Structures are given as C-alpha cells and as structure tokens.
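In what follows, chains are A, B, ... by sequence order, proteins preceding strands, each numbered from 1. Owing to the predicted nature of the structure, the values given are computational and were not obtained by experimental measurement.
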Amino acid sequence: MIRAFLRDRIPLDRNGAMMAGGVSFAHVFGTVLVFLLGIQVVTGIALAAFYSPSATDAWASVAYIQDQASLGWLVRGLHYHGGSALVIVAGIHLLQTAIAGAYKQPREIVWWLGVVLLVLLIAWSITGYWLRWDQAGYWASQVEIGIAAGTPVVGGAIRAVAIGGNEPGNLTLTRAYAMHVVALPVLVTLLTVFHIWLARRHGTTPMRVARNAVPRWPQQTLRDVIAMAIVFAVLLAVVIVTGGADLAAPADPTQAYDARPLWPVRWLFELRVLAGSAEQLVAMAAPAVVGGFLVALPLLDHGMERRPRKRKLWLGALAGLFAMIGALTVASFTRDANDPELAKRQATSEVLATRARKLAVENGVPVTGALDVFKTARFWTARTLFASRCANCHDADSKERKGPVIAPGHGDRAWLLAFLKAPSADQFWGRTKFAKAEAAMKPVELSATDLADLVEMLYAESGAEDLDIKKRDRGLNLFESACTDCHARDEGSPGAAGPSLAGLGSRSYYLSVISNPKSALHMGPANSEMPRFDRELTVVERDALAEYLVWLRTASTQDLIGLGPL
Amino acid sequence: MADNDPDRRKFLKAATCAVGTGVGLMVAVPVIRLVVDPATRTTVTGPTEPLDLGNVDRFRVGAPPRRVEVIAPMVKDGWTSARDVVLGAAWIRRTEPTKIEALSAVCPHLGCAIGWEGKDFLCPCHDSRFSVTGEKQSGPSERGLDPLPVEVRNGRLQLTWVRYKPGSATREQV
Ligand code: FES
C-alpha cells in the first residue's frame, strides 16, 4: 500500500536506466565515488559538530575528537583516509574513462567536468589538512600557500587572500573551514550532479558492441554495492591498522618542522626539489601542463576510434604523465624514508605530539592557546623558573655553580646525614664564600647512632610523615645539647649564630628562604650570596618553587625525567 | 537469459538491499555514536569544592548585603580549560559574628542579575522585588531568592555555588 502510494506520487521511470553495453564491474567506479562522497559528508557533519576553527582552539578540538570523544578516532580516520580514497578512485575512474575512449564526442563535457572535479577533490583534501592546525597541517599550509604565492604578479594577493591577512591565524582557519565545509562541498555536489546527469543521458560507453541493453537495477546495482562493500572494507582496515589519522603537536610557528604537503601534491614538492633554482617556474608550469593535457585530450584524440591499440600515442602520453607523477611521489617518500636525520627529527616531533595529547586529555587545553598545553605539565612553572633562575648556581652540571647542588633527594635523610658529616663538601657549601669563613659550620662529630637520631629530628621538621618518633625524640635531646649554640628551632626566632631550622625542608620554609635568604632568620645579610627573590618573583611563583623543592626530596632521577622535558 | 528469471531477479534485489544496508550501517553507527557522545558526559565541569570568598572580616556585622563575584579556579569546557572563571555573583550578609547568609544574585524568574536598592533587592528585568532575607515581595518571580550554602573555614568564607532552574516555584538544581 505504502509502495503504491509512493509510486503514484513519486513517478520514477518504471523501466529504470538501461546499460547499453550490459552490466559489468568496470562500471562501478562512478557509483563508488558517490558512495565515498557520501561517507565524507556524513563523517564530515559529525566532525563539524566538534571542530572549532580558531587558532587557539582548532588543535584542541581535533585532539578531543581523536583522544576523548567515543569513536572519534574512527570517524576522523574514515574522513581522513576516505578523502585519500576519493582522490585515488577518482584517478582510476579518469584513467579507465580514457582507456575506454569515453571522453570522445559527444561526452567531452562529462570528461571536463570530471577533470575539474578531480582538481576540486585535491583542493578539498588540502584545505581539510590545514584545519587540524598541528605542526604537520600548519607547515603543509605554509608550503602549499608558498607555492601559490610564487605566482608572478598576483602571488602576493593570492597569499593574502588564502591566509586572510598578513600572517597565518584565526582568519586562515575560518577561511579554510568555509572552503572545506561550505564552498567546496556545494561546488563538488553541483558539478557531480551535472556530471552524472550528463553521463546518464549519454549512457555508458559500450565496451563490447554486440550486447543487448540491460536494466541497471538490480544487476548493475548489486555489482555497485559489492564494490562499495569492498572499498569500505579496505578503508576500514586502513583506518583500524593506522589507528585513524595522526595528529602532531600543536602548530608552533617558532619551531622548525619538516614541512610536507599532502600526498596528492607531493609530486609537485619533489619536482621543486629537483628543479633547484627553477623551482618556482616548475611549480607553476607542471600543474598547468598536466591540467592542460587532460582538458585537451578529447580534442587531441578526436575521431570515433575507441579501441585502445589504435590510440597508442595519446594513451601513451597519458600513461607517461601518470607514471611520472607516480614516480615523483614515490621518490619523495623514499627520500624521506632513507634520511636518518629526518627520522631523528620525526621521532622528536613524535615525542612532543604524544606529550601534548596526553596533557590535553589530563588537563584540557588552556584557553590561551594550544601550545600552552605544555605548560599544564606538573611543576612546569617551577621547573621553568628553576631552569632560568636557580640552575646556574644550584644545578650539578652548571659550570658556574656557587651554591649547594639541588637535585632529587635534596633534603632527605641521606642528604641530611651527608651534610652533617661534611657541611663544606663540594655538593653542599663547598663552592660558597661562606664555606671558607670563620663562622662556617663544622662537621658534626657524633657516633653513627646519634647522627641518625639527629637526622631523624631534622627530617621531622619538614613535616614528613614517615617518622621514627623515638629516634626523633632522642634527636631533639641531642639538638638541645649540641646545636643550640648556633641554631634555633622555635618558629620565627633566629639562632644565636646560625639560621633557624624551624620547619627545615617544609614548603613554607622554602618559600621563606627563597623570598629572602639574607633575612636574619636564615643565613643573615653577611653570609648569603643568594639574591632575594621576593621582589622579582610573585608569591605564587615562589610558592611553586617551594612546592617543587618539597617534591624533589622524595623524587628519584627517574621521576624527574618522567616529568618530561621543558 | 538466466538474468531475467524472476526468482533470480528477486534474489539479486534482496542481496543488493542487504549489502547496501550493511555498509550504510557500518558508516552510520560510529557517526551516530560520536555525535551523541557529548550528551553522555559532563562536558563543562563546575567547581567540585566550595569556593573561597576571602577573609570573613571583609564582611561587617549588620552591614547591608555586599555583592561578591563567585570565581571558579578552574573550569574545563570540552577541550579547553580556563582559570579564574566568573560563574556569577552572590549577595553576602553578616547578621551576627557567627551568622553569614548568602543569596544567589541570579534572579529566580528568568535569570537576570539582582541589584540591592538600599532596603530591598530588585531585578531590573521585570521588576521582581525581594526582601533583604530573600523573600519574594512583588513582581513575576515564582519564588524568593535562592540561598547558597556558606561556611567559615580557617577564617575564610567558603561558598558552594549552585544554580537552580529559573521560572518555577520550587528549587530544582541544574
Ligand atoms: S528575570 Fe528577574 S524579574 Fe524577570
């Protein structure tokens, strides 16, 4: 009933389209292309529901799709590799049409539309690649826009329009986005509809003459869907094996990166490398030659002859062109694969990418921009400050070290014990002027057990919880009898001739020392070479350093490495 | 020809539809799963702990209500994280040294910002009036101002930020 209702109201051609030369798997490519386009539209809509085209957010939103949204990696992978599949199948479709002589009169316009569509598909994938705004996409955009900018006379204008102003930024992305999700889809759809309508009007070019026309449905349609299923299976396999599309670290204009354009224009990139000083000329001329030849083909190879062996000249020229493009592409990828230096740089980029994506999942990407995701790493502020303000005097590797070494284990029991035994050893006060002074602390000469007790008492000042209370109490007695001539451990009171040890190794102690080591509470104005930092660093920064120093006490070198590079 | 045998044609049609539907589903399922994903999670995080409004001594006993901004130290929104995000405002009144009351500055009618008019609260959008304790006095609002939980910890005023659905007589958290 519903069928009859619909049939009356949507009067489709009851006989359906006929296939002049019979059905064949050779005729599936056009349908497969429409299918692939459909996948791009559907996956593209889903991705657009997440993507944010701004220089600060773009990478973050792509990373969110890739690493957080359920099946985001799969949909993004289908979209990315599906774009490649479109270009590949379109290329095959074009070659096959040429071999069949299907561009010949009266189907020239169908052919020309196809050539334009292929170019648009490549432009489509290129603009899509920019949108991720990672190192790869950003630098690819630089290369590609750079090629276009080399156009004589109008090059500068092309660049300005493409990137939307003088420097790549928000406007570059909104433009690429408008092209990628509005302009190109609309244009491609319109031209595709026209292309198919014309092709259907002319009918398929019969491959064998002596065959009856056969209705397209269902025999050809079945072949079409089988081909779709095969193409989709391959696509899905590629997506799963590769884990979807990759994503490098956020775009960083200040960081050198080995820029490579997207693969469909990789041959041009290689051609430029080979052309040396003539690169700009070649980059302009090569696409013009290829495009011009494809457009001219129906005019050059005129006449009604369609048998391939009678059209060796033009088919040979076409084959030569495709072979050259293929060879250049392979050469470019091979060159990269055999470059050990490049492999090293890529490994470094890989590490950065992994770190950025991990941090993005854990902490979110700061609204200040994707690159700031690195700053969300644990102790980033403290470690950056340490590297710029403290390392020169306190890092074990520093040639200009002037103070005690600050490294993992700083302030733990072993450290305290070693310090008590030799306060003026090289890794402690050894490099300070104070070490040679009369007032410098002398080694503590006590029995091993007494020393251990004293260490426990000093260690307890840090607020650490893993204490041996009995040892600490014995240590307190020792402190009262052996140390109070110089030191004190009452909150806020300086020692008679040395620093207060109240809260030694705690966060507030470090904050106080960093703020003003010359205070009477600590080393005093005469004995400290360390500058005060309460005027240079904010209290938040000093507190971050203090927190980091507390962490260092229980950290191992491995933990420090685990924080990652800065 | 065998291709024109009606049974065979029927089979071909069924096979075509089956394969076509199968491929279509394989594309549709992940896409739909992705699109509905945000509906299944907390995409914008609110503060999980009470927010610090500063030293209690800022608020004098018996003084008129004082407006303070409620700032979350960190808000994650989808893929971004932002620091010190202003969530809204609250009116704080200290009636006794140990008694502090907080009212949300979000109008319970349709969500405009409430102002203090010297002796009562007024919403400028549709003229809802509320007493100093938050009771509804006149205007279109269906309920009084929304109280917010406050407590004093280590001498600092801590406020728990809650948003209620506007436009209803009862308080329903959003
Ligand atoms: S929003 Fe406040 S009275 Fe309407």
Side-chain angles (χ1 to χ4, degrees), chain A residues 22-23 35 38-39 42-47 49-50 52 56-57 59-65 67-79 82 212 214-215 217-226 228-233 235-236 360-361 363-368 370 372-373 376, chain B residues 1-48 52 54-55 71-87 154 156:
Chain A
V23 296
F35 167 64
I39 294 185
V42 174
T43 53
I45 290 173
L47 295 174
F50 289 84
S52 172
T56 45
D57 270 31
W59 182 88
S61 62
V62 177
Y64 183 85
I65 294 168
D67 298 326
Q68 293 186 66
S70 348
L71 296 187
W73 68 273
L74 182 62
V75 174
R76 179 166 174 259
L78 285 174
H79 194 73
N212 291 335
V214 176
W217 166 254
Q219 293 168 37
Q220 180 63 39
T221 320
L222 178 61
R223 285 167 173 80
D224 289 345
V225 292
I226 290 173
M228 287 179 202
I230 293 169
V231 168
F232 186 72
L235 178 58
L236 195 61
V361 172
N363 308 329
V365 176
V367 283
T368 43
D372 285 350
V373 76
T376 66
Chain B
M1 232 165 82
D3 272 0
N4 293 327
D5 170 24
D7 277 350
R8 192 178 142 79
R9 276 181 65 86
K10 222 181 203 165
F11 168 74
L12 289 181
K13 285 182 186 178
T16 308
C17 292
V19 178
T21 313
V23 174
L25 280 178
M26 298 272 278
V27 181
V29 168
V31 164
I32 291 170
R33 179 67 193 87
L34 173 61
V35 172
V36 301
D37 176 75
T40 65
R41 59 170 86 213
T42 314
T43 49
V44 182
T45 62
T48 48
D52 184 59
N55 202 316
I71 298 171
M74 166 78 84
V75 169
K76 265 184 147 191
D77 180 357
W79 42 85
T80 56
S81 57
R83 286 179 184 283
D84 301 332
V85 177
V86 180
L87 299 175
N154 299 330
R156 299 187 73 85

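Of the two parts of A/Ile45, neither the backbone nor the side chain holds a non-hydrogen atom closer than 4.5 Å to a non-hydrogen atom of chain B. Contact annotation for A/Val361: only backbone heavy atoms (N, CA, C, O) come within less than 4.5 Å of a heavy atom of chain B. With a threshold of 4.5 angstrom between heavy atoms, A/Asp57 approaches chain B through its backbone and through its side chain. Contact of B/Lys13 with chain A is made through backbone and side chain together, with heavy-atom distances under 4.5 Å. Heavy atoms closer than 4.5 Å to chain A are found in the side chain of B/Arg41, but not in its backbone. In this structure, no portion of B/Met74 lies under 4.5 Å from any heavy atom of chain A. Interface residue A/Phe50: backbone and side-chain heavy atoms are both found under 4.5 Å from chain B.
Distance CE/B/Met26 to CD1/A/Ile39: 10.0 Å, rounded to 0.5 Å. Note that CG of B/Leu34 is 10.0 Å distant from OG1 of A/Thr43, once rounded to the nearest 0.5 Å. Atom CZ of A/Arg223 and atom CG of B/Leu12 lie 8.0 Å apart (nearest 0.5 Å).
What you find for B/Thr16 and A/Pro218 is that their closest heavy atoms are OG1-O, 3.8 Å. For the residue pair B/Val19 and A/Ala229, the shortest heavy atom distance occurs at CG1-CB, 3.9 Å.
If you tally non-hydrogen atom pairs under 4.5 Å between each of B/Val35, B/Val27, B/Val36, B/Ile32 and chain A, the highest count goes to B/Val27. In terms of non-hydrogen atom pairs under 4.5 Å with chain B, the most contact-rich of A/Ala60, A/Ala49, A/Ala233, A/Ser61 is A/Ser61. Note on A/Ala360, A/Ala46, A/Ala69: by heavy-atom pairs under 4.5 Å with chain B, the leading option is A/Ala69.
Judged by distance alone, the side chains of A/Ser70 and B/Asp37 do bring a donor and an acceptor atom under 3.5 Å apart.
For B/Asp84, the CG atom counts as densely surrounded, since its 6.0 Å shell holds more than 12 non-hydrogen atoms of other residues, nucleotides or ligands.
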**OP:** Evaluate the criterion side-chain contact (heavy atoms from CB on, under 4.5 Å) for residue pair A/Tyr64 and B/Thr43; output intermediate values, then yes/no.
**Re:** CA-CA 11 Å; A/Tyr64 183 85; B/Thr43 49; 4.3 Å; yes

